Amino acid sequence: MSAVGTTELRARFARRLSDLYGTEVPAYTTLVDECHLVNQRVLDRDGAAAERFGSIGRVTAERHGAIRVGTPEELSQVARIFGALGMHPTGFYDLRDARPQPIPVISTAFRPTDPAELARNPFRVFTSMLVPEDRRFFDPDLEERLRNFLGRRRLFPDELLALADRASAESELSEADAARFLDLAAAAFALSPEPVDRAWYAELEKISGVAADIGGVTSTHINHLTPRVLDIDELYAGMRARGIAMIDEIQGPPRWAGPDVLLRQTSFRALAEPRTFREADGSVTEGRLRVRFGEVEARGIALTPRGRGLYDDLMATVDRRVAAGEGSRQEIAADVWRQGMPSSEAELARRGLAFFTFRRVGAGSGDGDVVAEPIVYEDFLPQSAAGIFASNLSDAGAMDASQGGAPRDIGWLSEVIGRTIRVPEDIYAEQQAASLATLGGAFGGAFGGASPTSDGGARQVG
Ligand code: OOG
Ligand code: NI
């Protein structure tokens, strides 16, 4: 029998999760259908320009999942499973700083880092881990009970982890082993029918809905599975026209006439899903939980740390003016963007604000024109998408800011999972530098402002 390589395994896993999530959350299937319609319209409307940030084949297959775990050990196991699929931990995000609503987790994303692998299948999973040691959320007694609860559960069977390790070591599995691996892996992320301990879940939910979703149940599950769309404003309107309740806004940069940067996201509202509960008297009852939502995203150009600084400043200006009651967020943001964000890719490149690859076209002998192609942002903006969580959590939660928060950073997280977590901007900078190197000569200097040595990834983004 033929073997299944890493890329094919990842593509199959992405399809399996999509099938699973579609049966669990039927509105997701509606969302995917609407994305396909919108993408086809944009392709008809814009022609080749529609594929500037990725081929339609890639964009159609593109998904990111979000999962949540409780302990470093669980996160290490997740890293083994995704490692088998060629997905490596990239980026560090601290959602405890999220506004308007802090969430007691830190996160990374597992994704392919090689551009060729991203082009073949760009599947990624945003993965969050609870921080029970953070006193702003959990007192010592609750921390201990949480750790005991988490320590007793087992999210991933040994057989799955052994198959993952073999797939990583050999870069492939036999057809039969691949089928088994995919069955076990998909099952590990399915919603469990196991009854939820009502009192325990409710105690955690008072602090944070996400804490309850992680530490209040004995298994993990996909929280959302996000397709990519080429025109998110059209998608948003289309979903509403289908009668689906969407959150109030599209998060991230505004719609405007200039280049799309980073990431814009929105979602349909979390659905009340039937779950069984174990009550204090031991009886099992039917109830509902509202935790899973239907996110969708549109992607733009990756920004250099300098460009990200500008982005953050503009977003802060928007927030200030919205708070001052100067108008709707969309109007204010469009105005702030017109004044502060370069209106062309060429200007972004010239000022070293975004990442590009460069390629010579025309004359074969080395002096044709050089064209810049944008490097698409492959990562996340969970803090600016915090509006999505806030809109989807039924309870505001509670945090005591006077208490100390456990310090966490990318180095700490790398150490506890025993793998280097890469800084996204370093990856983009390397890609840009490699393309400049193939042009040779003095060319690199012309884009010094965006080169990895002067601009690469010293700054953490989240
Ligand atoms: C975190 C989700 C973060 C995104 O797209 O920014 C994320 C969570 O809900 O667990 O998926
Ligand atoms: Ni997401």
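For ligands, and for the atoms within them, numbers begin at 1 and follow the listed sequence. Please read these numbers as outputs of a predicted model, since none were measured by experiment. Note: hydrogens, waters and symmetry copies are ignored here, and every other heavy atom, side chains too, is used.
- Within a 6.0 Å sphere centred on CD of Glu373, heavy atoms belonging to other residues, nucleotides or ligands number more than 12.
- Within 6.0 Å of CD in Glu273 there are more than 12 heavy atoms belonging to other residues, nucleotides or ligands.
- A cation-pi arrangement is present between Arg198 and Phe277 under the rule of less than 6.0 angstrom and at most 45 degrees off the ring axis.
- Under a cutoff of 6.0 Å and an axis angle of 45°, Arg299 and Phe380 form a cation-pi pair.
- At least one N, O or S atom of Glu295 sits under 2.8 Å from the Ni ion (ligand 2).
- Atom CD of Gln403 has more than 12 heavy atoms from other residues, nucleotides or ligands within 6.0 Å.
- Salt bridge present: Arg16 and Asp183 bring a charged side-chain N and a carboxylate O closer than 4.0 Å.
- Less than 4.0 angstrom separates some heavy atom of Asn223 from each of these atoms of ligand 1: 9 (O).
- The contact set between ligand 1 and Ala66, taken as ligand atoms under 4.0 Å from a residue heavy atom, comprises 11 (O).
- Below 3.5 Å of separation, one finds no N or O of Glu297 facing any N or O of ligand 1.
- The atoms of ligand 1 that sit less than 4.0 Å from any heavy atom of Arg68 are 8 (C), 9 (O), 10 (O).
- Residue-level proximity to ligand 1 for Gln265 is carried by the side chain, the only part with a heavy atom below 4.0 angstrom.
- Each of the atoms 4 (C), 5 (O), 6 (O) of ligand 1 lies under 4.0 Å from some heavy atom of Phe380.
- Draw a line from the Ni ion (ligand 2) to NE2 of His64 and another to NE2 of His224, and the angle between them is 110° (to 10°).
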